[in-house]
Every structure is written in structure tokens, then in C-alpha cells.
Amino acid sequence: MVFSGLEAVLIKVAGIGLDERDLGKTLGQMKPKLERLHSLYGAHVCGEGGEYETLTLDSPLFKKRIVLKEVETVIHSDASFASVSYLRIKKAELVEKDAATCAKLSDLTVPPELDAIGEKTLAAATLEWVSREAQTIPVDDGEASSDDFPPLARPEGEHAVTARPLVSRRGRWIGIHNLVGTKSESSVSQSLESEVKLAFQMLEAAIKSQAPTLSLANVSHINLHLESQRLFPLVNNEYRKIFGSGPPTRACVEVETRTGPYNPASSGQTHSPSFRISAVAYDDGASCDAALDLPRVTVRKALHVQGRSYWAPANIGPYSQSVTVGERIFIAGQIGLRPTLLELPSSLNYTGKLREVALSLQHVRRVVKATLESRIDKGRGWIEGGVCWLEGSKVGDVKGAKEAERLKRSAHAAWISQSRSALKGLGKQVEEGEDLVDDDDGGRIDGEDDGLGAEDLRWDSSWLGKNTLAQEIPLLYATVPHGALPKGAAIEWQLTAHTGRSVVTESCIAGEPVNEDECEDETGPVGEGEASPIKTNSGGFDMNLDDEQRTVARCRFKILESARGGASFGVAAFKLCRSLGDQQPSGWDQDSISGLMNHLSSRAFSTSAFYASRKGFSHADIERLVKKLTSLHILLGGVSVPLLPTMPVPVSDLHFPTSDSNPSQGFDMALVWHGV
């Protein structure tokens with residue numbers, strides 16, 4: 001409002017740090033103080049919660065302005081830290097404005113679509129696009145398809161899929177997979193809406209199987225995988241009836257929903273599912289009350305903005321932009337919509353796609369920032385990891401394939417540019433503590449027109465985490481067929497974050513102790529020289545998959561974890577290669593194998609199994625590979641622990657940049673998991 005030229009004055013104050021001396025001052029005059037109170041006490045700069053009330057006196061669109069001729073200050077309640085006072089207006093009048101000062105709607109100054117960091121992101125993506133010739137994924141002697149690997153061949157009918165939900169649990173976290181929409185032979189006329197309703201009835205039953213007091217209100221996030229995006233309107237029409245206020249976040253992608261031949265004898269299903277759903281739910285402690293006499297340990301908060309603005313896209317469906325529970329922040333999949341129009345950028349060339357890259361990342365950053373609210377000044381919170389969905393090319397489209405390769409590289413360059421050290425200029429100013437705010441110019445950044453203040457920029461320039469590099473965060477790039485993303489988008493970011501607070505890490509399951517002592521806030525931010533609350537564990541190894549040593553699986557993984565945050569996120573990618581004669585696989589690292597298996601077997605509660613279906617791989621292949629890995633783990637002295645079920649996610653291609661690989665290096669299969 002300050003940036004647009006609107007003049008509003010405070011007429012009532014009732015918040016910490018505000019008193020009668022602030023009455024009558026404009027928002028532009030109050031901006032530095034409001035930001036300071038936000039930093040110190042978490043007071044909302046917009047006055048949400050009743051901290052202050054305003055009266056608008058003038059706007060560029062007004063033909064007349066209000067002039068306060070006589071006012072009286074009234075102290076309603078005097079207090080040392082949060083007095084209540086207001087301005088009684090005794091006399092005011094309307095004053096005609098010079099026609100030259102009255103703006104037309106088209107003349108109004110509006111915030112730029114991309115802020116300073118968004119422009120940096122766009123520049124990084126554009127530079128990557130134009131500086132390299134289009135390249136396809138390298139094909140060498142090790143490149144192969146599933147047909148090359150007899151050990152992973154699927155016995156006929158072995159991986160017949162049953163349409164029953166699979167439930168896993170770690171402490172308070174619950175993962176539910178394999179909720180499918182498919183007609184049975186006895187009800188071929190069953191509507192898609194009925195399938196959606198039935199799937200969510202199954203979801204609620206699965207949640208209640210963990211505790212009878214749980215319900216769909218405990219669901220934090222949903223992955224909705226459609227057989228075709230053409231089904232979205234029908235599915236969404238029924239979906240919106242299921243959740244009330246504060247619905248879970250959602251990521252919607254078109255994937256191949258058939259993962260293998262169905263077995264009518266065991267499931268009653270006769271054809272490919274219309275959709276597949278996985279969900280994450282959180283037991284907030286209410287189910288433990290009767291057994292352990294415990295209060296709830298956390299409050300579920302949803303960011304659910306439905307109005308259009310310059311900030312970020314309003315919800316285009318029945319989901320929240322973010323849901324915070326158990327100190328984990330689930331973020332809805334973000335595509336590069338223009339917030340004011342809810343449309344994708346249009347362009348006859350690649351510039352529209354690159355703007356989508358920058359906008360979608362900016363949306364994620366702004367959603368996280370709004371979710372963290374008063375914690376942004378404390379340097380708390382971090383991005384755990386996620387998946388970057390990319391649109392592939394049409395079958396046989398050589399030019400489109402080259403553009404898809406460039407898009408992947410540009411998306412990776414945009415991601416790397418989010419690191420604090422990569423935000424040159426902006427980062428340098430923040431590091432040196434320069435005053436970036438020109439208070440005489442409406443609070444704008446010197447040299448920028450996006451209205452970000454110094455406090456905003458300090459957080460925005462390190463939004464991935466105070467001391468976290470983009471390269472350290474587990475991120476999988478998954479390419480899906482052309483037209484598989486919502487609204488025909490070119491890119492969708494699906495990330496999760498953490499508030500930075502400590503959580504109760506003990507199980508909520510009856511009979512096990514729960515420690516409430518660490519549920520409170522941390523004792524201050526991580527400063528220079530202090531140990532980070534998070535650490536990244538990365539590694540890799542090769543292993544033979546057959547007795548003849550003809551097939552080698554090359555694994556690279558990255559895990560970001562926080563012991564005091566009670567959370568972890570990991571990605572493990574696998575590439576199958578032909579063995580090079582008598583040469584033994586390199587990187588036979590027992591510690592890496594044990595570290596990966598310990599996470600998967602004892603900490604993961606929701607795991608997705610990605611595989612490159614265009615190469616002929618399937619869900620059964622990755623399950624067999626994990627069984628081989630488990631056997632090797634036991635052979636090396638590890639404990640035999642059954643792994644939790646996984647959600648099958650077939651895609652066109654997979655890419656996982658690590659310290660020894662670039663985004664153009666392809667992988668065949670990958671496990672992506674949330675863990676405690």
C-alpha cells in the first residue's frame with residue numbers, strides 16, 4: 001500500500017510497542033517501527049490480530065482526499081507494554097484534488113511480477129539456457145534398459161497389484177499409499193466421482209486403523225497422480241466436497257497409474273486406475289490422551305489464501321498453500337502462474353518457460369516466508385528437499401526433446417542460484433550489513449523497485465536455510481510426459497520445509513513415553529561459528545546385482561536431517577550399468593550402505609518409488625533392487641529390518657545432481673522419503 005501511493009494513518013493502537021504517540025502517523029512513517037516490532041516480538045506488520053487500525057485519507061484513484069481538521073487522542077487502557085488508545089475525529093472535510101494528480105487505473109504503480117531475487121533467478125535460468133547447446137542425456141556403454149538385466153526380470157503375474165491401502169507409521173507420522181480409483185467388474189458404470197468418494201473413505205479407514213479418534217482432518221499432504229489431466233475437473237469436483245477449512249496441501253501430476261497387471265482374484269479390479277493417491281497424516285496427540293493423559297503437542301496451521309494479489313497465486317483448487325504440523329511445513333506444488341491473472345506466462349519462444357521457472361520458485365519462497373511469519377528475522381527454518389517436476393517432449397519431437405533438456409538445466413541453475421552465496425550483489429549487501437532501505441522513498445530497496453525491506457532481504461537471500469547451500473538439499477528432477485503438469489505448466493516445484501523448532505521425537509504410540517520438554521522454541525538462532533541444526537549425509541556405492549557380476553547398480557544418495565528438529569528427508573537414485581569384465585565395482589562403501597539402509601528401515605514413514613518407465617522399468621524392479629540392497633546390508637553385518645511400502649511413481653526420466661554428477665546425468669530408479 002505504501003509503495004502504491006495510498007495514504008493511511010493509524011487511528012487506533014492496541015499492540016505491543018505501540019502507543020498514543022503513533023496515532024495519526026502514516027503507514028510509510030510507521031513502516032520501520034512496525035518491522036522492528038515484528039522482529040522483536042512477532043507483531044504482524046499488517047496489524048492482523050488487532051495490533052492497530054487505520055483510516056485511508058487518500059489514494060491515487062481518489063478524486064478527493066480527506067483532511068483531518070480536528071482530532072482528540074483518547075487513552076482507553078494505559079499499560080506499560082501494550083496500551084490501547086485511539087484517535088477521535090472531531091472534524092474532517094473532503095478536499096478537491098487537482099485533476100493532474102488523479103491517476104487512471106492504468107497509471108498506477110504496481111509491484112513487479114518478479115522481485116529482486118526472482119529477477120536473479122530468471123537471469124540464472126536464462127544464462128544457462130542460452131550459454132549451452134542443447135544436449136541429450138549422455139549415452140555410453142553403461143546405458144541400458146530393464147531388458148538388459150535378467151535378475152530384475154519380472155516373473156509372470158508376480159507383481160499383480162491389489163487395490164488395498166498400505167499404511168506405515170513412525171511415531172506420530174503416518175504414511176498411506178496405494179489408494180486407487182478403478183472400477184470393478186461388477187460396477188463398470190461406476191462414476192469417477194464415486195471412485196473418488198470411495199478412495200477417500202478408504203483413506204479415512206486407513207487413518208482410523210492407527211487410532212479411532214483420527215480423521216481426514218489429520219491429513220497434512222496429498223499426492224494426486226492422475227491417469228490423465230483431462231480427469232482433473234471431475235476428480236476435483238468431488239475432492240472439494242471432502243475437506244473443509246484448512247485442507248491439506250496437494251501436488252497433482254499426470255503419471256502412468258498402472259504399475260503392473262491387476263489380479264482380479266485378489267482385488268476385483270479389471271483395468272488401469274483412473275488415479276492414485278498417497279497421503280501423509282499426523283497424530284497430534286489427541287489419540288494418546290486416553291492412554292497416556294497427554295495434551296496435544298502441536299497445533300496444525302494452514303495457509304489458505306483464496307484472494308488474488310501480487311504476492312503468490314491464490315488457490316486454484318481445494319488445497320492449502322502450506323500446512324504446518326509437527327514443525328514440518330508441507331507446501332503445495334507450485335507452478336509458474338502469474339499471481340494477478342492466475343495464468344501461465346505466454347510467449348512464442350523459450351522465455352515463457354524460463355519465467356515459469358523463476359515465478360514458481362518465487363512462489364515457494366513466498367509461501368514459506370508467510371508460513372514462518374515471525375521466525376524470518378531469527379534465521380530459523382530450512383528447506384528439507386523435494387521433487388522438481390519437468391514437462392518432457394512429445395513422442396518423436398526432436399526439437400522438443402532438446403528444449404526439455406535445456407529446461408532441466410535451466411531449472412537446476414535457477415535452484416543453485418537460490419543459495420545465499422549465489423545471490424551476488426544482494427547477498428554481499430546483506431553480509432556487510434548495508435542499509436538497503438530508503439525510508440524517504442516509501443521503504444524501497446536502493447536500486448530496486450520491489451519494495452523489499454532489509455529484514456525481508458536478509459531472510460529471502462537465505463530462505464533455503466541460514467547456512468545451507470542449494471547443493472546440499474536432496475532434490476530429484478523428474479521429467480513427465482508433455483502436458484502432464486497442471487494447466488499445461490512446464491515446471492512444478494514440490495518442496496517441504498521445517499520451522500526450525502525442536503519437536504517431541506518420542507513415539508506417540510500407547511505404551512511409549514512422550515517427552516514434552518523439547519516442544520518449545522529453540523534458544524536462539526544459529527549464529528556464526530555455531531553448529532547447524534541440520535546436517536547433510538551424502539554418499540554412494542556400486543553393487544553387483546547378479547552372481548555372474550554382469551550387472552552393477554550405482555547408487556548415489558543425499559539425506560538432510562535434524563535430530564533436534566525430529567525430521568529428515570532423503571533421495572537415493574540408482575543407475576544400472578553393465579559390469580566391465582573382471583573389474584570390481586568402485587566405491588564399495590559399507591558405511592554408505594549401512595547409513596542408507598538405516599534411514600530407510602528405521603526413519604522413513606512415507607516413501608515414493610520413482611522409476612523411468614520409458615526404459616521399461618517398473619515398481620517391481622525397484623522393490624527387487626531394494627531387496628538385493630537389504631541382503632547386502634545383512635551380509636555386511638546390518639540388522640534385518642523390513643522396509644515400509646512405497647508409492648509407485650512412473651516417470652519419463654530421472655535426474656539427481658550430486659557432488660559427482662550433473663543434472664544431465666540420468667538415473668533409472670529413485671527412492672524419495674520423508675523421515676523422522
Side-chain angles (χ1 to χ4, degrees), residues 161 163 178-184 187-200 202-203 222-243 247-260 262 269-279 313-319 332-338 341-346 352-353 356 360 387 389-397 400-401 403-404 407 478-494 608 610 613-614 647-653:
V161 179
N178 202 44
L179 293 157
V180 300
T182 181
K183 304 178 182 68
S184 65
S187 58
V188 293
S189 61
Q190 182 177 344
S191 67
L192 184 60
E193 290 87 346
S194 298
E195 295 178 45
V196 176
K197 186 181 297 185
L198 178 60
F200 277 95
M202 295 171 64
L203 173 59
I222 287 179
N223 291 312
L224 176 60
H225 294 168
L226 299 174
E227 182 184 35
S228 169
Q229 284 288 354
R230 292 191 298 270
L231 300 177
F232 177 77
L234 292 174
V235 172
N236 205 47
N237 186 52
E238 187 62 36
Y239 186 105
R240 70 174 64 251
K241 302 176 185 177
I242 296 169
F243 297 100
T249 55
R250 186 176 74 184
C252 179
V253 180
E254 175 188 320
V255 301
E256 180 186 346
T257 53
R258 183 195 294 274
T259 59
Y262 278 83
Q269 310 301 334
T270 59
H271 69 283
S272 177
S274 306
F275 59 85
R276 187 179 296 275
I277 291 173
S278 68
N315 291 319
I316 58 174
Y319 60 87
Q334 294 294 318
I335 60 177
L337 291 175
R338 303 180 67 185
L341 302 175
L342 293 185
E343 297 175 354
L344 293 169
S346 58
K353 290 185 177 181
E356 283 187 54
S360 53
V387 178
W389 300 91
L390 299 164
E391 182 184 49
S393 60
K394 297 178 181 178
V395 177
D397 184 357
E403 288 196 352
L407 176 64
T479 301
V480 291
H482 185 82
L485 298 181
K487 289 184 169 287
I491 187 170
E492 178 176 0
W493 296 90
Q494 182 183 347
S608 295
F610 289 73
S613 59
R614 75 175 182 88
M647 170 76 167
V649 187
V651 296
S652 300
D653 289 300

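Values below: every heavy atom of this structure, side chains too, minus hydrogens, waters and symmetry copies.
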Hey, are the side chains of Ser393 and Glu403 touching, using non-hydrogen atoms and a 4.5 Å cut-off?
-> no

From Arg276, Gln494, Arg250, residue fulfilling side chain to side chain donor-acceptor pair (under 3.5 Å) relative to Asn223 | Gln494

Quick one: does Glu356's side chain get under 4.5 Å of Ile335's, heavy atoms only?
-> no

For Lys241, enumerate each residue passing the salt bridge (charged side-chain N to carboxylate O under 4.0 Å, His left out) test, keeping only those at least two apart in sequence or located in another chain.
-> Glu238

Closest non-hydrogen contact found for Phe275 with Val235 is CD2-CG2, 4.4 Å

All side chain to side chain donor-acceptor pair (under 3.5 Å) counterparts of Asn315, not counting sequence neighbours | His304, Gln321

State the CD-OG distance between Glu195 and Ser274, to the nearest 0.5 angstrom.
-> 4.0 Å

Those residues at least two apart in sequence (or on a different chain) that pass salt bridge (charged side-chain N to carboxylate O under 4.0 Å, His left out) with Arg240 are none

Please tell me if the side chains of Ile277 and Val180 come closer than 4.5 Å, counting only heavy atoms from C-beta onward.
-> no

Got a sec, which residues hit side-chain contact (heavy atoms from CB on, under 4.5 Å) with Ala484, two or more places apart in sequence or on another chain?
-> Glu254, Val480, Pro481

Spacing of CD belonging to Gln334 relative to OG belonging to Ser360, to within rounding of 0.5 Å = 8.5 Å

Side chain to side chain donor-acceptor pair (under 3.5 Å) against Thr479, all qualifying residues, sequence neighbours excluded = none

For the residue pair Val196 and Ile242, establish whether any side-chain heavy-atom pair is separated by less than 4.5 Å.
-> yes

Pairing residues for Tyr319 by the ring pair (Phe, Tyr, Trp, His ring centres under 6.0 Å) criterion, not counting sequence neighbours | none

When you look at Asn236 and Leu224, which way does the side chain to side chain contact (heavy atoms under 4.5 Å, CB included) test go after all the steps?
-> CA-CA 10 Å; Asn236 205 47; Leu224 176 60; 6.0 Å; no

Partner set under ring pair (Phe, Tyr, Trp, His ring centres under 6.0 Å) for Phe232, not counting sequence neighbours = none

Distance col, row Ile222:CD1 vs Phe200:CZ, nearest 0.5 angstrom, shows 4.0 Å

In terms of heavy-atom contacts, Leu390 and Leu485 come closest through C-CD1, 4.3 Å

